[in-house]
Amino acid sequence: MQLSWIGADLRFSYCTEHDLPEISRMLAKESVCRWLFFGPNTEEETRSYFLPLIEEIQEALAEGRTPEDHVFTIRLKHSGEFVGQCALLPVDFSPGSYLIGYQLDDTCWRRGYGTLACTFLVYFAFTVLGGYRLNGDTVADNTASRRVMERCGFVQEGVQRQYWHAGGGYYDRVIFGLLASDLAPERLSRLGETFTAA
Ligand SMILES: CC(C)(COP(=O)(O)OP(=O)(O)OC[C@H]1O[C@@H](n2cnc3c(N)ncnc32)[C@H](O)[C@@H]1OP(=O)(O)O)[C@@H](O)C(=O)NCCC(=O)NCCS
């Protein structure tokens, strides 16, 4: 199976253990974790979350199977500079339905990379994996994340009030969804032209 894809300025590669120091540095930042229900994280916490996912991915790839989990490291295509990570995680008991996630380092915000990362997840889930549904959620105040999903065609499906209780505050959870059938066939084929084998 292919390991890397290129879209515009970015390269998306299946995550390996070598990426963990940079992912850990990003997830140790207050700025990045401001609207996440976890973090800021120690390096140990980040490693213990990501390592089992990376092991599952690398084992599947080594055996020529499609992994269950899809965690990608995002880098600038020319310099290899670290930009962030994004992921598709399977929803239990619903083959073809995935939870999306993305976190970018704060040095790379507001350049359209969040939207490009989410667009890559849409492309990957519907075109490469043949999935039928994507699920996203965010703290209501996380305007950037909401905009990213809206720009990628996600529909707001509900609000769970005071879903998260963290740092002494209560936070509403806004739920988004996107069905493959929401996208016109031409849009799906345009996605296939945006991302190419690295
Ligand atoms: C959410 C995140 C991925 C957005 O990445 P980004 O590269 O800055 O996003 P883009 O440049 O593609 O911008 C997307 C939209 O968000 C808006 N936006 C970006 N940062 C914003 C901010 N701090 N406040 C308000 N709007 C913001 C942009 O203006 C754009 O909106 P527009 O279409 O109306 O112009 C990034 O901020 C991030 O990694 N945050 C920390 C981790 C996180 O919260 N992840 C999501 C968890 S649900």
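When a residue number appears, it is its place in the shown sequence, counting from 1. Read the numbers this way: they start at 1 and go in the same order the structure lists the ligands and their atoms.
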Q: Using heavy atoms and a cut-off under 4.0 Å, could you grab the residues that are in contact with ligand 1, chain by chain, numbers ascending?
A: Val32, Leu36, Tyr102, Gln103, Leu104, Trp109, Arg110, Arg111, Gly112, Tyr113, Gly114, Thr115, Asp137, Thr138, Asn142, Thr143, Ala144, Ser145, Arg147, Val148, Arg151
Q: Nearest 0.5 Å please: distance from the CG atom of Leu89 over to the OG atom of Ser97.
A: 11.5 Å
Q) Taking only residues at least two apart or on different chains, which pairs with a member in residues 89-104 satisfy salt bridge (charged side-chain N to carboxylate O under 4.0 Å, His left out)? A) none
(Q) Measuring from atom CD1 of Ile175 to atom CE of Met149, what distance do you get when rounded to the nearest 0.5 angstrom? (A) 10.5 Å
Q: Give a yes or no on this: more than 12 heavy atoms of other residues, nucleotides or ligands lie within 6.0 Å of atom OH of Tyr49.
A: no
Under 3.5 Å, side-chain donor or acceptor atoms of residues 181-198 against the rest of the protein: list the pairs with distances, not counting sequence neighbours.
| from | atom 1 | to | atom 2 | distance (Å) |
| --- | --- | --- | --- | --- |
| Asp182 | OD2 | Leu179 | N | 2.9 |
| Ser189 | OG | Glu186 | O | 3.2 |
| Thr194 | OG1 | Arg190 | O | 3.0 |

Q) What salt bridge (charged side-chain N to carboxylate O under 4.0 Å, His left out) pairs are there with at least one residue in residues 135-149, not counting sequence neighbours? A) Asp137-Arg173, Arg147-Glu150
